[in-house]
There are 2 protein chains.
Amino acid sequence: MKKASRSGDNRGVLMNDVARRANVSPMTVSRALSNPKMVSEKTRTKILDAIEQTGYVPNRLAGSLASNRSNTIGIILPSLKNSLFAETIQAASDVLSKKGYLLLIADSGHLLEEEEKLVEAFLGQRVRGMILHNTLHTERTMAMISNSGIPVVETGDLLAEPMDISVSYSNFEASKAMTMFLAKKGYKRIGFVAMITENNNRARLRRDGYLAALSELNIGVDETLMIEAASSLEAGRDALTKLLAIEIKPDAVFFAGDIMAAGAAFECESLNLKIPEDIAIASFDDLAILQHMTPSITSLQIPRIAIGHEAAEIILNRIKGQETGVVSKDLGFEIAQRQST
Amino acid sequence: MKKASRSGDNRGVLMNDVARRANVSPMTVSRALSNPKMVSEKTRTKILDAIEQTGYVPNRLAGSLASNRSNTIGIILPSLKNSLFAETIQAASDVLSKKGYLLLIADSGHLLEEEEKLVEAFLGQRVRGMILHNTLHTERTMAMISNSGIPVVETGDLLAEPMDISVSYSNFEASKAMTMFLAKKGYKRIGFVAMITENNNRARLRRDGYLAALSELNIGVDETLMIEAASSLEAGRDALTKLLAIEIKPDAVFFAGDIMAAGAAFECESLNLKIPEDIAIASFDDLAILQHMTPSITSLQIPRIAIGHEAAEIILNRIKGQETGVVSKDLGFEIAQRQST
DNA sequence: TGACAAAATGTTACCGCTACCATAACCTTT
DNA sequence: AAAGGTTATGGTAGCGGTAACATTTTGTCA
């Protein structure tokens, strides 16, 4: 193919040009594109030909402005690096792009103020809907969303009173269930490694779930068994090391986030500790590697794909005007019991 | 906070409303926002107050349309799930969002036709620049990009003749280098597990690099040592199993993609094979887990973050009009030698 | 074949903002 | 205090489409 020259000042082919070429009014071109059945077969063909010949690409900015309907959906995550979000995004993307929506994706870096700015920027782009992973927001964020009138789904945790729509599972219940599970397995001293709880309600809820389980089991809380750690392999290793250094060692550790459990498992291997004989390990997030490791690691299975899927579907329904009345959708969780416990 | 009612038909506060409230013309409001120094301190304060009171959020669709300058950058990846892309996106996002740009992100599902549709959709949104990971495109994609006049970076592989800009490393050289490295370590029968080569030029180049190394070393190609596999832990396990089933087993295997090497290492553990004594393993992509596994796995270190960073910077420079003349930027790679070889 | 409804197409105004040029206000300077 | 140069502000006309209504064409049936 011959390399075409790059013309920087090209404002391009307009709908008008296409219209003239096809001997119709611009309006008919517009209709041929957005509502083909409204245009006669013959005219439509003429128009499509003209479009192909000219290489016309409709300006969606103009279209959205005129119609007051954009085709973008905004997604805000605490971090883009976290691969756990990838499945949810992919699922949402699959559903939305099939319907012609484009995704604006940004990360707040776990900062509520940053989320606020992003929400404002997205509203400035007149996104048609939004998905927020965090469930903690500044007042201004909530105010902006509230009077934007667009559907907004929060996915990080199941909310009794979401701003608008909640699609998730209960971090609290999941964490509690896993702790109960470990206790029923016979483990007596269950350590807990939390994610960083600052600005992260999910992290807090998971910790609270752990505590609730202990309380229900009439087990006293031992602060030395609780650690807060970042979401990384290194942090997981460190956390395990710390827990092994306390006076009365835990016989099981529940890692409440991400990839920490894998790090801990690697550390055990380095230390020649047998899992689960010397120490049992359970993880909150079910990463693919956890089921492939030797031993495989017991985890909570979170419906990440379903969350993305459902969030997208509900947004689409809201856009279509089907006020589903759905406010809070619980997609549940499951415990995958494996060799590590 | 009291829950505000959701008003669906709210077209919101306009610049005009702000202007009236601040006793200035809309034009002055516009300037106060986009070019504050052009407005007197006093007026600016009045305007900012009015904005705060009214909760005005500028309509960027209208702004972009009028000024012919949007604030969005498009990114197209073969897949959103692949966590390897996350670092690159994050890096690009960091640079771009700092300058007020928003990211449109989509995945092509490894299909060139899908990429074409997405490019068209992005151009319809009048994105200011684009980052494409794939380096293989349909003719129409190239044509559209060419006469769009916007900066477009390809990041998947270093290109001698990019459509516009190439920021990457050489998959061919990297793969060749690792193969040479293994050979120099004394391994005689080096297996190679390629990614799926269909529609994926990177996969092909990596395979070609392997072949080039063998050729340079005067080692004959043994087809039974070459396998193509998907990017997953399972596929990595399977690939290893297959290679162990051939007549004369390999003494080293180079996994040319993603997470396959980890899968293979897990399989070795299951089979009680010692790495690297029984079989050596090397990986193309340096995932975090590879250096934490026991044994740690030799990998190529790809400058993923630098790629995202540089791609974004170059786009920004182009937008600012600094025709840097950069066409192809090689960010190199390194071999991280670890216990597995 | 004329009347009338339905389908296809056209006309006009405007979406909400910014470029561009015009004007007004504010300083200097002599 | 008039002249001249800044600096600050305003008016007007679009950007490129679409909504809403007007008009024309087509089809149907008595």
Side-chain angles (χ1 to χ4, degrees), chain A residues 9-48 50-51 54-72 100 121 123-128 148, chain B residues 9-48 50-51 54-72 100 121 123-128 148:
Chain A
D9 53 350
N10 178 9
R11 300 268 288 222
V13 183
L14 305 187
M15 187 175 272
N16 226 322
D17 304 330
V18 174
R20 208 172 306 130
R21 195 175 194 111
N23 265 312
V24 295
S25 77
M27 197 56 234
T28 305
V29 176
S30 174
R31 279 192 277 251
L33 256 25
S34 58
N35 209 342
K37 321 156 209 88
M38 277 187 71
V39 174
S40 76
E41 169 99 36
K42 216 174 85 183
T43 331
R44 204 187 317 144
T45 320
K46 270 195 304 182
I47 292 174
L48 260 27
I51 288 177
T54 54
Y56 169 66
V57 179
N59 187 329
R60 298 282 338 199
L61 296 178
S64 298
L65 177 62
S67 65
N68 198 28
R69 275 181 275 112
S70 84
N71 60 333
T72 51
L123 293 177
Q125 294 291 334
R126 296 299 186 263
V127 294
R128 204 71 184 290
S148 74
Chain B
D9 54 347
N10 178 11
R11 300 268 287 222
V13 183
L14 306 186
M15 188 176 271
N16 225 324
D17 304 331
V18 175
R20 208 172 306 132
R21 197 175 192 112
N23 264 312
V24 293
S25 78
M27 199 55 236
T28 304
V29 176
S30 174
R31 278 192 278 253
L33 289 169
S34 59
N35 208 342
K37 319 152 212 93
M38 277 187 71
V39 174
S40 77
E41 168 98 36
K42 217 174 81 184
T43 324
R44 203 186 320 143
T45 320
K46 267 195 308 183
I47 291 174
L48 261 27
I51 288 177
T54 54
Y56 170 65
V57 178
N59 186 329
R60 299 280 340 197
L61 296 179
S64 299
L65 177 63
S67 65
N68 199 30
R69 275 181 275 110
S70 84
N71 61 333
T72 51
L123 293 178
Q125 294 290 333
R126 296 299 185 266
V127 294
R128 206 67 185 292
S148 74

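All chains are named by letter (A, B, ...) in the order of the sequence lines, taking the proteins before the strands, and each is independently numbered beginning at 1. What's counted below: heavy atoms across the whole structure, side chains too, no hydrogens, waters or symmetry copies.
- Nearest heavy-atom pair, B:Asn59 versus A:Leu65, reported as atom, atom and distance to 0.1 Å: ND2-CD1, 4.0 Å.
- In this structure, of D:dT9, D:dG16, C:dC17, it is C:dC17 that holds the atom nearest to the side chain of B:Ala66.
- Note: CD1 (A:Ile47) to P (C:dA8) measures 12 Å, nearest angstrom.
- Near DNA chain D, meaning a heavy atom under 4.0 Å away, the residues from residues 55-63 of chain A are A:Tyr56, A:Asn59, A:Ala62, A:Gly63.
- Atom pair A:Leu123:CG and C:dG16:P shows a separation of 15 Å (rounding to whole Å applied).
- Regarding A:Asn16, its CG atom lies at a distance of 13 Å from the C1' atom of C:dG10, rounded to whole Å.
- Residue-level contact check: A:Lys37 touches the backbone only, with heavy atoms under 4.0 Å from sugar-phosphate atoms and none from bases.
- Going from atom CG of B:Asp17 over to atom C1' of C:dC17 covers 13 Å, rounded to whole Å.
- Using a 4.5 Å heavy-atom cutoff, the side chains of B:Arg128 and B:Thr72 are not in contact.
- Nearest heavy-atom pair, A:Ser34 versus A:Pro36, reported as atom, atom and distance to 0.1 Å: C-CD, 3.7 Å.
- Nearest-nucleotide positions on DNA chain D for B:Arg44 and A:Ser64 put B:Arg44 closer to the 5' end.
- Across the protein-nucleic acid pair, B:Asn68 atom CG and C:dT18 atom P stand 13 Å apart, rounded to whole Å.
- Rounded to 10 degrees, the angle separating the terminal helix axes of the helix from C:dT1-D:dA30 to C:dT30-D:dA1, each built from five base pairs, is 30°.
- Looking at every heavy atom in both residues, B:Tyr56 comes nearest to B:Leu33 through CE2-CD1, 4.0 Å.
- No hydrogens or angles were tested; on distance alone, a donor-acceptor pair under 3.5 Å links the side chain of A:Arg31 to the base of C:dG10.
- Interatomic distance, B:Ser70 OG to A:Gln125 CD, rounded to the nearest 0.5 Å: 7.5 Å.
- Of the candidate nucleotides C:dT18, D:dG10, D:dT18, D:dG10 has the atom lying nearest to any side-chain atom of B:Val24.
- The CG-P distance, from B:Leu14 to C:dT18, rounds to 12 Å in whole Å.
- The phosphate of C:dG10 (OP1 or OP2) has a side-chain N or O of A:Thr28 nearer than 4.0 angstrom.
- In this structure the side chain of A:Arg44 never reaches within 4.5 angstrom of the side chain of A:Val24, judged on heavy atoms.
- Between B:Val39 and B:Thr28, the closest heavy-atom pair is CG2-O, 4.0 Å.
- Within the 4.5 Å cutoff, the side chain of B:Met15 has heavy atoms near those of the B:Ser30 side chain.
- Contact annotation: B:Ser34 does not reach the phosphate of C:dT18 (side-chain N/O to OP1 or OP2, under 4.0 Å).
- For C:dT9, the OP1/OP2 oxygens have a side-chain nitrogen or oxygen of A:Thr43 closer than 4.0 Å.
- Closest heavy-atom contact between A:Ser25 and A:Ala19: C-CB, 3.8 Å.
- When the nucleotides D:dT9, C:dT9, C:dC20 are ranked by their closest atom to the side chain of B:Met27, C:dC20 comes out on top.
- Taking all atoms of both residues into account, the shortest heavy-atom contact from A:Arg69 to A:Arg60 is O-NH2, 4.0 Å.
- Listed nucleotides: C:dA8, C:dG10, C:dT18. Nearest to the side chain of A:Ser25: C:dG10.
- In this entry the distance linking CZ of B:Arg69 with P of C:dG16 reads 20 Å, nearest Å.
- The interatomic distance linking B:Asn35 (CG) with C:dA19 (C1') rounds to 13 Å, in whole Å.
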